[in-house]
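Take a look at the structure below.
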Amino acid sequence: MEELEDTEEGTNSASTSTPLASARGKKHCTEMRSEKPVYLRQKEKIIYPRNTRTLAKIAVVGGRPIDEETCMALRSLVFGNCATPPRPEWARTGFTLRPYGQSLAFGLRAPRNTTRGLVTAVQAIMLKHFLFKCNKEDTRTTPESLLKPSYDRQIDVLTSSIAEIVWRCAGGFVVQNTGCSPNQSVTGNANVPRAVVVLPQETPYVQHSVQYFQDGLTETLHLFEFESLQDLEIFIKRYLYLFQDEGGPGAKLLLYSAVLSRGLTKVRADLEDRKGSMLSGCPEEGPTNVVILSLTGRASPHLHNGVLHVGDENTYAVPQWGVLVRSEIGFLVHEGDAQLASKQPGSRLKTPSLPIWVTLCHGHHGVLFNTNRELLRNYHAERRFEIQYFTCGGSHAILTVDTRSSTENDTELEGASKEALDIAATPLEKLIRSKWQDAYIQWNGAPLM
């Protein structure tokens, strides 16, 4: 009995000592933490992830399964051959948004591969919506705040940009209605635009064979048709996660949708090569025709204005169809000092309706833009202004362009000094001078690379 009582007393004393020990331990930890320097105490804070909102993933329902003829023709027109595997990067590149509410929140994030041209074109159209399609009644908005959008604003703008490209290719805007070669009928395009959006399913409708190599996406597509831009935007927003997911097939789905909306026959006529394709033998960041298709609705490889008839005394003159109407978003090119004049964009791309340009500088795509809508309409605004440069790889720079220097400072920069300044100019400066000749360009701070 005595041993039992001793055991009970020991148990009681242990139970009473446990809360005392824990209290002492907490007090000791608090004292130890208070004695630590501030920078060590800050390191102990728990940092929760921000900007991790995701879209709801709704199952794809409805649509018309792709048939074998369309599937093989689509693959051949875009990638050049349907019997071999297509470029894999197009099935794993989406239109990934950057963290909202922060610096560069207006931008997309994408790897450097053949999808970069298309992603950059979408980026340029998104900037148009961020800067010039905002709520005009709110006078408190500034360009700086417009370029730091909320998550909901990012989603709305990405939806509108994708829908705009598809709708333009379907003939929904004035640019497309006049953009047809003589052998292309505008009947139906001008009257009733019919946009096509493709989304993947799990069931393949074309079997693997010698003539067709399954890529896991093209043969599973369902086609959805729309005759209203509003219905198109609602549909794309519902399934936006398929376009927006990082590592998803967003770029491929958009390119397929644009090509089918334009029409396979018309796209082949735009390329002016019956056996050619859009992506065969293209540069590292993609071909020009994909960018022009996104901006104008026509997959033309030419950048000049209107139609040029090319030929000599021994051959018939062949028409080359360029840009037929002034574009809303421009395109600037600089591929070196020995660049051919025929590769330079015409005035309909150099001087667009809005101060936004997709750029191609030594094989790298980017976007130049100014936040003043009246820049290209007001001579005084174009004398001295700031311009921003952004790439989907994350590079960002702000430059000041002074066109007055071409007349006021010519006396100071003559002969060898002016030639030395031209040689020292960066490729980006030379790209800008392809639009504003002899302008003085100053970098504002260090560029973000």
Side-chain angles (χ1 to χ4, degrees), residues 104 106 120 123-125 127-134 136 139-147 295 303-305 323 325-334 337 339 341 344-361 366-391 395-448:
L104 305 184
F106 62 85
T120 304
Q123 175 66 80
I125 297 173
L127 280 166
K128 179 189 76 170
H129 286 272
F130 280 133
L131 292 171
F132 307 124
K133 301 292 182 179
C134 55
K136 298 180 180 179
T139 57
R140 296 172 296 177
T141 56
T142 62
E144 291 75 17
S145 62
L146 293 175
L147 294 177
L295 300 182
L303 306 179
H304 55 74
N305 291 351
V323 181
V325 179
R326 185 185 186 190
S327 179
E328 197 172 35
I329 293 174
F331 188 49
L332 297 177
V333 178
H334 175 71
D337 298 330
Q339 179 177 331
Q344 272 294 332
S347 60
R348 291 169 182 168
L349 289 175
K350 277 190 176 181
T351 309
S353 303
L354 297 173
I356 303 173
W357 295 264
V358 176
T359 64
L360 179 59
C361 185
V367 182
L368 276 175
F369 65 96
N370 179 272
T371 57
N372 180 12
R373 187 189 188 104
E374 302 300 318
L375 176 68
L376 301 178
R377 304 175 185 176
N378 189 332
Y379 172 77
H380 297 286
E382 208 171 357
R383 289 172 65 86
R384 189 175 188 276
F385 57 92
E386 278 192 350
I387 198 163
Q388 299 189 46
Y389 177 73
F390 175 78
T391 72
S395 299
H396 182 240
I398 302 177
L399 305 94
T400 298
V401 180
D402 190 348
T403 59
R404 299 173 300 178
S405 62
S406 60
T407 55
E408 296 177 5
N409 298 335
D410 275 352
T411 56
E412 301 177 8
L413 298 173
E414 290 183 354
S417 61
K418 188 173 183 179
E419 184 178 351
L421 188 64
D422 291 339
I423 294 174
T426 64
L428 180 58
E429 292 175 12
K430 293 180 179 180
L431 173 79
I432 295 174
R433 290 195 181 105
S434 69
K435 164 60 181 169
W436 295 280
Q437 189 175 4
D438 297 330
Y440 176 72
I441 300 171
Q442 180 180 2
W443 294 73
N444 299 342
L448 174 65

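Keep in mind that the numbers below use all heavy atoms, side chains included, and drop hydrogens, waters and symmetry copies. Residues take their numbers from the sequence shown, with the count starting at 1.
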Audit row: R373, L354, side chain to side chain contact (heavy atoms under 4.5 Å, CB included) steps and yes/no: CA-CA 6 Å; R373 187 189 188 104; L354 297 173; 4.0 Å; yes
Does the pair T120 and V367 meet the rule for a side chain to side chain contact (heavy atoms under 4.5 Å, CB included), with working shown? CA-CA 7 Å; T120 304; V367 182; 3.6 Å; yes
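- Under the 4.5 Å side-chain criterion, counting only non-hydrogen atoms from C-beta, P352 is in contact with L376.
- Screening T371, N444, N370, N372 for a side-chain hydrogen bond (donor to acceptor under 3.5 Å, both in side chains) involving E386 leaves a single residue, N444.
- The shortest distance between side-chain heavy atoms of R404 and Y440 does not fall below 4.5 Å.
- Separating the CG atom in L295 from the CD1 atom in I329 is a distance of 6.0 Å, to the nearest 0.5 Å.
- In this structure, the ring pair (Phe, Tyr, Trp, His ring centres under 6.0 Å) partners of F390, at least two apart in sequence or on a different chain, are F106.
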Decide side chain to side chain contact (heavy atoms under 4.5 Å, CB included) for L360 and F331; before the verdict, give the C-alpha distance in whole Å, the side-chain angles of both, and the deciding distance to 0.1 Å. CA-CA 8 Å; L360 179 59; F331 188 49; 4.1 Å; yes
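- No side-chain heavy atom of R433 sits less than 4.5 Å from a side-chain heavy atom of D438.
- Atom CD1 of residue I432 and atom OH of residue Y389 lie 9.5 Å apart, to the nearest 0.5 angstrom.
- Considering NZ of K350 and CG of L332, their distance stands at 7.5 Å, rounded to 0.5 Å.
- Between atom CG of residue L375 and atom CD1 of residue I356 there is a gap of 11.0 Å, rounded to the nearest 0.5 Å.
- Legend: residues meeting side chain to side chain donor-acceptor pair (under 3.5 Å) with S347, ordered by chain and number and at least two apart, are N305.
- Side chains of L428 and W443 form a contact here, defined as non-hydrogen atoms less than 4.5 Å apart.
- Residues passing the ring pair (Phe, Tyr, Trp, His ring centres under 6.0 Å) test with F385 are W436, sequence neighbours excluded.
- For the residue pair T403 and E382, the shortest heavy atom distance occurs at OG1-O, 2.9 Å.
- Although no hydrogens or angles enter the test, the distance criterion places no donor-acceptor pair under 3.5 Å between the side chain of T141 and the main chain of L146.
- Atom-to-atom distance recorded for I387:CD1 and I398:CD1 is 11.5 Å, nearest 0.5 angstrom.
- Here R326 contributes atom CZ and L349 contributes atom CG; the two are 11.0 Å apart, rounded to the nearest 0.5 Å.
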What do the steps show when you test L147 against Q388 for side chain to side chain contact (heavy atoms under 4.5 Å, CB included), and what is the final call? CA-CA 12 Å; L147 294 177; Q388 299 189 46; 3.9 Å; yes
